[in-house]
Amino acid sequence: MAIHKRFRNLKEVSFLMLLFCFITARLSGQVIFPKPLSPRTTGYDIKAKLDTREKKVHGEMTAFWVNQSGDVVKTVRLHMYMNAFRNKKSTFYRESNGSMPSNPKDSGWVNINIITDKRGNDLSSRMKFISPDDANPYDMTVTEIELAEACNPGDTVFLNIDFTTKLPSNIIRTGYSDNFYFVAQWFPKFGVYEPAGMRYALNGSWNCHQFHRNSEFYSNHSVYDVSLTVPSDYVVGSGGMLMTESTDGSGNKTLILRAEDIVDFAWTAWPEYAVFEDQWKHVKIRLLMPPERKGQTKRQMQAVKNALEYLDEHVGPYPWPYVTVVDPPMIGAGASGMEYTTLFTSQSSYIMPEFIRIPEMVTIHEFGHSYFMGILASNEFEEPWLDEGVNTYWEERIIDHYYGGMLGYPIPPMPDRAQARMSYVGSENRQAVSNAAHSWKYPHSTYGMMSYQKTGVILQTLEGIIGEEMMDRAFREYYSRWAFKHPSGKDFINVVNEVVTGNNGNAYGPDLNWFFSQTLYGTGICDYRVSGLKNYKEAGDSIYRSVAEIERIGEVMLPVDILVHFEDGKEIREKWDGLSRVKDFEYTGKDRIEWVKIDPEFRIRLDVNYINNSMTTDFDDLPLSRMRNKLIAFLQFFLTFFAL
Amino acid sequence: MNIISALRNGMYRSAKAWKSLLVIWFFYLLMTALLASPIKSAFSAGLGNSTITQMFSKDLNMEFLTDMGSSFSSVASFLRAGVLLLIIINIPVNAFFTGGLFRIITREDYSTSDFWNGASANFWSFLVISLLISLMVLASFFIFMLPLSFLMAGDGVSDVTIVLAGMVLFVLFFMWLGVLLLVADLSRSWQSAFVNNRCFAAIGYGFRQAFRIFFRGWPMMLLLMIIQCLFIFLVAAVLRRVAPQTSFGVLLLFIGSQLLFFLRIFLRAVRYGSVVSLI
């Protein structure tokens, strides 16, 4: 190569290296937190412009990934989530059973236009789409890039990417509708490299799954420096803190945003948002909603504060100084009920009576995800129960604590935890699969019930066995040990085992694996019943021999309490390990057994039939008579409503 | 006659017809008890000898009831089918009884024999009138709600616009319903004066007369409709909260609810009597 060309190349390389140094210095600079909360394995410096005419986002990004493993890594993998909406052949669309729109105008995609490394090497020819989950050759949601130079342990991979994202018009978490934009999963994003021994990895490899209909996400805690250019009249909400805002005189404004130690960066823009702010201790709460819903502001803010307070007390602190709540308008309803650590979306409407707590339930649930998958960044692809189910358990505790245990729906109203149990018990497919399955492998529409409700009920049952205080200790330790890391289900169970045995010795056995193996990782059901209640008396004798006959019908074996009540009012509480199929409790005395109850406090929430948990010699049908009389009156009025 | 006088006259006529109202009440009690009692028995059977009913002190606990599994689904299906059957049976039953009521209220002869004569004589014509007016009510409902469905399907329409539009349309429908009910009552009062089945002529008369006495008849009808709606909401709110814990309390609940239902029938008779008084 001629010397002047070599010199010019050297100048270019030096300039690029200086540029990268500047950017990494900015990315690793401390703006929000004096010390990083996470290892900051990845970082993204994105300059993006929203094109409202083409419904696109044009982006230039410098991203880095630090090889914190002991492996020499030759490839990197990026999520290209938006390609799930590219066409009907994507894995996402196939698994949706054809429910996506077919109009090309409605599609979404992300294209990498230019991709270079820190030396300026063009990597586009080294890119290929892969399908590690289902070998679908048409799915383009994961791309693998062969690096020009292998990345040694401790080295950093820099990628300079020019990309274009087309937003879909049918909002499934992300997209646009009219002039409303919710932009999530919008840029090429590193997967998570798991060295051997991390989570379940036997060998070091990329954990980078395709985008499935029933899956969410998994990524490293990152630093984000985002420059967003949008039309001046748009109100923007994002997962970052606003650093500066400027207008360029051509009808656009640019917001410089920074977020630290979060797993995802999403944003929204709509000219008609009304903005409300409130404060809870160190956390500034920013609420964006349609202006006509301002009547809902107070209850939304209160829900966030309740969640902050409860989780702070029972799990651990919320570290960020801000949180953004977005209540999308009706045209953007597809974006509601979703979480992006420091930004989440809720759901309410113009008229929402106070006694219907749907907005609070959604707000509290989605805020809870800032802990369960935000701080405790589990793999939502492989263990959806570890964030959705755990979060459901905490949502139920918060709702039932602050709102009197009444959700307001369905009719008649019932506690949130009761509604979860109903969903699980009432599901015909509750034994179809265990929680060991990856999210996209749950059959027959069981993903929601298994990840959310069944796991919530499992944790309610665990609470019933070990007590609420022990649950809190376990979660505090889980938070303390795994905050800003990637815990697996195994890690969570190990913490529970450690805390429970550390505080209770062998009261529950050497560990609680017997519990989790049956409930989380098994498909059996729990069902105990009182099969008989006998009171024998010999002729001429004044002494009764009474027997309470208990059976285990289900496969799951859990310790249960039995409460025996005699006619004279005396009660005896027995403890049974629940292992055998049959257990009899015999008594002799002057009084007969009047009733027997298994689990009288309804702590074993997994029991699928509470009705057979008890038996009495004197059945009380007064409530049923009351129901009948009310039903008669209701039917009478109902019929006359249909008469002229 | 003005509205107040018509209402007063209507109450008087209805009070005089108390024996017939009792008959109507009894038949409705019989019909609904024939559905409600087996449901109670089904629940009793499904709950066995469980103490779970102790958890139903305030209200039926849906979480525990659904633990009945397929038994609960069967009871729910039975209830759905039963309600549908009752709605269907109610059409001719209501036509029959309103025939009798209109006869005695119009002729001011309150004997039960006249009630039964009128019921049987007017049955077919009243049935046709009821069905035709009901069809008009249903069609009107869809016509009034059509703009709302267009709004909901449209892009960029805020939920406050939809809610406000829905409320306005519902109010307009309610007002139009008053006209249709007035027509129905006038048609039936005219028909009850004849022996022969002249239902279509009766409906024609009903429309003509409704617009002739519109400024007295329609406000009076709206007032009666509002009173009845408020009454029903009040009854629903009370019954929802009442949860007696003793057998005597449950008996009082039954008696009280039946008294309220009798009052409901009475109010309807007041409506018929008031309309008749206006003619």
Side-chain angles (χ1 to χ4, degrees), chain A residues 177-180 272 290 292-293 329-331 349-351 410-412 414-415 418-419 421-422 425-426 530 533 565 595-597 602 607-644, chain B residues 28-29 31-33 35-37 39-40 43-44 46-54 56-57 59-64 66-69 83 86-87 90 94 98 130 133-134 155-160 163 181 184 232 235-236 239 243-247 250 253-254 257-258 260-261 264-265 268:
Chain A
S177 179
D178 196 20
N179 60 352
F180 170 85
E272 296 172 52
E292 63 268 18
R293 291 186 198 165
M330 270 184 59
I331 56 171
S349 70
Y350 168 60
I351 287 183
I411 293 173
M414 64 175 69
Q419 205 242 334
R421 181 175 171 273
M422 258 180 74
V425 168
V530 179
L533 199 173
H565 178 96
W595 51 256
V596 179
K597 290 183 188 175
F602 304 104
D607 194 317
V608 296
N609 187 352
Y610 279 148
I611 293 171
N612 64 8
N613 279 20
S614 59
M615 189 176 283
T616 178
T617 56
D618 181 22
F619 179 68
D620 177 18
D621 73 344
L622 193 78
L624 296 179
S625 299
R626 193 173 62 226
M627 174 218 65
R628 181 201 54 207
N629 293 346
K630 286 192 180 183
L631 181 60
I632 287 173
F634 166 75
L635 287 172
Q636 287 170 321
F637 280 89
F638 179 75
L639 288 177
T640 54
F641 182 80
F642 282 95
L644 293 180
Chain B
Y28 272 94
L29 175 62
M31 279 198 307
T32 52
L35 177 61
S37 293
I39 285 178
K40 186 221 168 197
F43 275 124
S44 289
L47 296 178
N49 286 329
S50 176
T51 64
I52 204 74
T53 51
Q54 293 174 3
F56 299 163
S57 59
D59 223 328
L60 287 185
N61 189 311
M62 285 303 293
E63 182 194 355
F64 297 148
T66 51
D67 281 3
M68 282 169 62
V83 168
L86 276 183
I87 291 172
N90 186 51
N94 181 64
T98 48
S130 298
I133 300 291
S134 297
D155 285 333
V157 181
S158 71
D159 44 356
V160 67
V163 168
L181 287 177
I232 288 171
V235 167
L239 285 183
Q245 303 297 315
T246 63
S247 303
V250 170
L253 168 66
F254 176 75
S257 62
Q258 294 310 303
L260 288 170
F261 181 66
R264 159 82 173 135
I265 302 172
R268 183 109 71 76

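Convention: sequence-line order gives letters A, B, ...; per-chain numbering from 1.
- Ranked by non-hydrogen atom pairs under 4.5 Å with chain B, the options Pro290(A), Ala643(A), Ala633(A) are led by Ala643(A).
- Most heavy-atom pairs under 4.5 Å with chain A, from the set Val250(B), Asn94(B), Val160(B): that is Val160(B).
- Taking CD of Glu63(B) as the start and CZ of Phe602(A) as the end, the distance is 8.5 Å to the nearest 0.5 Å.
- For Val425(A), the part lying near chain B is the side chain, with the backbone staying farther off; criterion is any non-hydrogen pair under 4.5 Å.
- Of the listed residues (Ile265(B), Asn49(B), Thr246(B), Ile52(B)), the one with the most heavy-atom contacts under 4.5 Å to chain A is Asn49(B).
- Using a 4.5 Å cut-off between heavy atoms, Gln245(B) touches chain A through backbone and side chain atoms alike.
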- Message: Is there a side chain to side chain contact (heavy atoms under 4.5 Å, CB included) between Arg628(A) and Phe43(B)? Walk through the geometry before answering.
- Response: CA-CA 10 Å; Arg628(A) 181 201 54 207; Phe43(B) 275 124; over 6 Å; no
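- Most heavy-atom pairs under 4.5 Å with chain A, from the set Asp67(B), Leu253(B), Thr98(B): that is Asp67(B).
- At a 4.5 Å heavy-atom cutoff, the contact between Met31(B) and chain A is made by side-chain atoms alone.
- The greatest number of non-hydrogen atom pairs below 4.5 Å with chain B, out of Leu635(A), Leu631(A), Ile611(A), is found for Ile611(A).
- In this structure, Ile87(B) CD1 and Phe641(A) CZ are separated by 10.5 Å, a value rounded to the nearest 0.5 Å.
- By the ring pair (Phe, Tyr, Trp, His ring centres under 6.0 Å) test, Phe261(B) is found to be paired with Phe637(A), Tyr28(B), residues two or more places apart in sequence or in another chain being considered.
- Here the closest non-hydrogen pair linking Pro623(A) and Phe56(B) is CB-CB, 3.7 Å.
- With a threshold of 4.5 angstrom between heavy atoms, Leu239(B) approaches chain A through its backbone and through its side chain.
- Here Gly48(B) is the residue among Ala33(B), Ser257(B), Gly48(B) with the most heavy-atom pairs under 4.5 Å with chain A.
- When each of Thr66(B), Leu35(B), Leu181(B), Leu47(B) is scored by its heavy-atom pairs under 4.5 Å with chain A, the top score falls to Leu47(B).
- Between Ala36(B) and Ile632(A) the shortest heavy-atom distance is CB-CG1, 3.5 Å.
- Using a distance-only test at 3.5 Å, with no hydrogens or angles considered, no donor-acceptor pair links the side chain of Thr51(B) to the main chain of Thr616(A).
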- Step by step, work out the side chain to side chain contact (heavy atoms under 4.5 Å, CB included) result for Ile39(B) and Met627(A). CA-CA 10 Å; Ile39(B) 285 178; Met627(A) 174 218 65; 4.3 Å; yes
- Message: Run the side chain to side chain contact (heavy atoms under 4.5 Å, CB included) test on Thr53(B) and Asp621(A) for me, step by step, so that the C-alpha distance in whole Å, both residues' side-chain angles and the decisive distance to 0.1 Å come before the verdict.
- Response: CA-CA 7 Å; Thr53(B) 51; Asp621(A) 73 344; over 6 Å; no
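- Side chain to side chain, Thr640(A) and Arg264(B) meet the donor-acceptor criterion of an N or O pair below 3.5 Å.
- Only the side chain of Glu292(A) comes within contact range of chain B, with heavy atoms under 4.5 Å apart.
- If you measure heavy-atom distances from Arg626(A) to chain B, the contacts under 4.5 Å come from both the backbone and the side chain.
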- Task: For side chain to side chain contact (heavy atoms under 4.5 Å, CB included), just list the numbers for Phe638(A) and Thr32(B), CA-CA rounded to whole Å, side-chain angles, deciding distance to a tenth of an Å, and then say yes or no.
- Result: CA-CA 10 Å; Phe638(A) 179 75; Thr32(B) 52; over 6 Å; no
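- At a 4.5 Å heavy-atom cutoff, Ala236(B) makes no contact with chain A through either its backbone or its side chain.
- The contact between Phe619(A) and chain B is made entirely by side chain atoms (from C-beta outward), counting heavy-atom distances below 4.5 Å.
- Per-residue heavy-atom pair counts under 4.5 Å with chain A were compared for Pro244(B), Gly46(B), Ser37(B), and the maximum is reached by Pro244(B).
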